[in-house]
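What follows is a single structure, written as structure tokens, with notes after it.
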Amino acid sequence: MDKLQSLRGMVDLLPEQMPLWQRIEATMRAQFERAALREIRTPLLEVTELFARGIGEATDVVGKEMYTFLDRGERSCTLRPEGTASVVRAALQHSLLGQGPQRLWYTGPMFRYERPQAGRQRQFHQVGIELLGFADPRSDAEAIAIAWDLLSALGLGGLSLELNSLGDPSDRAAYRSTLVDWLQLRQEQLDADSRERISTNPLRILDSKNTGTQALLAEAPQLIDSLSDASRERFGAVRRCLDALEIPYRLNPRLVRGLDYYTHTAFEITSTQLGAQATVCGGGRYDGLIEQLGGASTAAVGWAIGLERLVLLLAQAQAAGTVALGAPAPDLYLVSRGEQAECQALVLARQWRQAGRSVELDLTGAAFAKQLKRADRSGAPWAVVIGEEEARQGVVLLKNLRRSADSPEEERLRPVELLRRLGDPSI
RNA sequence: GCGGGCGUCGCCAAGUGGUUAAGGCAGCGGCUUGUGGUGCCGCCAUCCGGGGGUUCGAAUCCCCUCGCUCGCCCCA
């Protein structure tokens, strides 16, 4: 098969699926506007170093999932695998933080070279927010609330919020060494992957899916016990905020994020209806990242939602009848036949569109029966028919397509009259 | 990178070694040179992802390959 086709993991979004995407996009814009977030758009391509430094060399994302290549100027470039590093880079490059803290949101395609599976593509889409320059525990809660409310506004149920605190870097370092000590004594009980990670990325062992490893880890020292008093108090404040907001959460001491920049609050929103890739939204605080990328030490918190996964959930909700999405249909379907009539139809279609109506103009020149059949299938409530007769008389025939054929409702009228009545939502 | 499942018309799908590859939907043409949804008639895969092999004979068996899909890993 040598037909041209898209690259693996790079999927087309066809017209049929767009109502779902557009619903999500419209909802998120409305929510963000109400939350006083401002949109930012950054390039898809960045210097590789941004991600290497921002996300962490040891992470899987940087280590084996990036689309990296040399451009014609021999610079190492990478298609962005996530949004946060780019947003921070842009904020620093344009000194946004000099104007005070920033409440930002973004959306767009991201790229990760992985084996595609349900809810995971190589080019995928994320929407995310970044609250830069906010250290207060309330900002953690607000970030989470914005995500939670967006998902609720979409009518999605069956979601749960998992919460953990990773503490500050010294908490994490302390925990890392206690955990490594503990694991080293039990190496032979670990699966091979996890054993490997003792030296590379021990915290990641915590969310291993290996059941044996999980059983063993039930006894392991917990991150939360290594937190300093200040970190612990901070986490308590975040939790009190969530309680006040009545956002239910589950503490998950095993929750660690795969990107190195996270500190303190880490969270995920998961669904049971997504198969293996259950995480819809993931995020947390990253107080060290901005400094890491060359800025002044600045606290920040943010999250990202995977839009493909959201679309999957919304499609399920739609199938279950929980969410209704109207199929888009034109207001008018314009049928015409004969040279003069066809030309008039072309002109009238434009006029009616300028009047704010959606009009589908049949351009086939086929028999009236064919055109009306298509008119019916288009879902339009009204057909406007212009034949030679109407063209001669300067009128159009308005037909109600939502009546039965036995009691046809037709009316001849002048185009100006129809134009006037187009302001009336009942036609 | 590693496993499992699958690959017949735009979509769904029958067919598992024997001469012309069912059917449904969609599409196109007609019945009805100007009237729809529901009727009727006709057209729509020399070909079964691609390549090689076995056989008198293969979509059906074998090998390779490509692709899709689910899972591992990882993440949104």
What are the two closest non-hydrogen atoms of R112(A) and E82(A), and how far apart are they? NH1-CB, 3.8 Å

Expressed in angstrom and rounded to an integer, what is the separation of Q5(A) atom CD from C68(B) atom P? 6 Å

Which whole-number value in Å describes the distance from R122(A) CZ to U69(B) P? 11 Å

Measure the distance from CG on D362(A) to P on G34(B) and round it to the nearest whole Å. 13 Å

Shortest side-chain distance from Q126(A), nucleotide among C72(B), U35(B), A76(B): A76(B)

Between the base of C70(B) and the side chain of R120(A), is one N or O donor paired with an acceptor at under 3.5 angstrom? no

Find the distance E16(A):CD to G10(B):P and express it as a whole number of Å. 17 Å

Between R374(A) and C28(B), is there a side-chain N or O to OP1/OP2 distance below 4.0 Å? yes

Would you say R285(A) and S139(A) are linked by a side-chain donor-acceptor pair, where the criterion is simply a distance under 3.5 Å? yes

Please give me every residue in residues 138-162 of chain A whose heavy atoms get under 4.0 Å of an atom in RNA chain B, ordered by residue number. none

Given atom CD of Q121(A) and atom P of C75(B), what is their separation to the nearest angstrom? 18 Å

Length of the line joining L334(A):CG and G34(B):P, which is rounded to integer Å: 17 Å

Does the structure show a Watson-Crick or G-U wobble partner for C43(B), both distances under 3.5 Å? Name it, or say none. G27(B)

Between L307(A) and T107(A), what is the shortest heavy-atom contact and its length? CD1-OG1, 3.7 Å

Span that lies between the C1' atom of G36(B) and that of G71(B), in whole angstrom: 49 Å

Sugar-phosphate, base or nothing in reach of E82(A), heavy atoms under 4.0 Å: nothing

With sequence neighbours left out, the residues meeting ring pair (Phe, Tyr, Trp, His ring centres under 6.0 Å) with Y262(A) are none

Checking all strands, does R309(A) fall into the base, sugar-phosphate, or nothing category for heavy-atom contacts under 4.0 angstrom? base

Distance-only donor-acceptor test, R8(A) side-chain atoms vs C66(B) base atoms, 3.5 Å: no

Give the nucleotide from the list G36(B), C75(B), U33(B) with an atom nearest to the side chain of R204(A). C75(B)

With sugar-phosphate meaning primed atoms plus P, OP1 and OP2, does Q371(A) contact a base, only sugar-phosphate, or nothing at under 4.0 Å between heavy atoms? nothing

Side-chain-base donor-acceptor pair under 3.5 Å for K373(A) and U35(B): no

Counting only side-chain nitrogens and oxygens, does R377(A) get under 4.0 Å of the OP1 or OP2 atom of A26(B)? yes

Nearest-angstrom distance from the residue atom CD of Q344(A) to P of G34(B): 19 Å

Under the 3.5 Å rule, do the base of G34(B) and the side chain of E390(A) count as making a donor-acceptor pair? yes

When you check the side-chain N and O atoms of T42(A) and R80(A), is any donor under 3.5 Å from an acceptor? yes

I want to verify a distance call: between C73(B), C68(B), U69(B), whose nearest atom is closest to the K64(A) side chain? C73(B)

Donor-acceptor contact below 3.5 Å, side chain E411(A) vs main chain K399(A): no

For nucleotides A45(B) and G5(B), find the distance between their P atoms and express it as a whole number of Å. 34 Å

Span that lies between the C1' atom of C9(B) and that of C75(B), in whole angstrom: 39 Å

Just compare C73(B), G30(B), U69(B) and give me whichever is closest to any side-chain atom of D60(A). C73(B)

Using the side-chain heavy atoms of E114(A), tell me which of these nucleotides is nearest: C75(B), A76(B), G34(B). A76(B)

Check for a donor-acceptor pair, side chain of Y175(A) on one end and backbone N or O of P221(A) on the other, with a separation under 3.5 Å. yes

Ignoring hydrogens and geometry, is there a side-chain-to-backbone donor-acceptor pair from Q102(A) to L96(A) under 3.5 Å? yes

Report which part of the nucleic acid L397(A) touches: base, sugar-phosphate, or nothing (heavy-atom distance under 4.0 Å, all strands). base

Under 3.5 Å, is there a donor-acceptor pair linking the side chains of T265(A) and S165(A)? no

Using atom P in both nucleotides, what's the gap between G34(B) and C70(B) to the nearest angstrom? 48 Å

Take atom C1' in C61(B) and the same atom in C48(B), then report the distance between them in whole Å. 16 Å

Heavy atoms only, 4.0 Å cut-off, all strands: where does A367(A) land among base, sugar-phosphate and nothing? sugar-phosphate

Whole angstrom is fine here: how far is it from CG in L14(A) over to C1' in G10(B)? 12 Å

For C70(B), take OP1 and OP2 only and decide whether either is under 4.0 Å from a side-chain N or O of Q117(A). no

Counter-base of G3(B), judged by Watson-Crick or G-U geometry with both distances under 3.5 Å: C70(B)

With rounding to whole Å, what would you report as the distance between U8(B) and U69(B) at their P atoms? 14 Å

Just checking A375(A): base, sugar-phosphate only, or nothing, at a heavy-atom cut-off of under 4.0 Å? nothing

Sugar-phosphate, base or nothing in reach of G282(A), heavy atoms under 4.0 Å: sugar-phosphate

Starting at the 5' end of RNA chain B, which residue's closest nucleotide do you reach first, T59(A) or G9(A)? G9(A)

Quick one: look up who C9(B) pairs with, Watson-Crick or G-U, both distances under 3.5 Å, and put none if it's unpaired. none

For F368(A), which residues count as a ring pair (Phe, Tyr, Trp, His ring centres under 6.0 Å) partner, sequence neighbours excluded? none

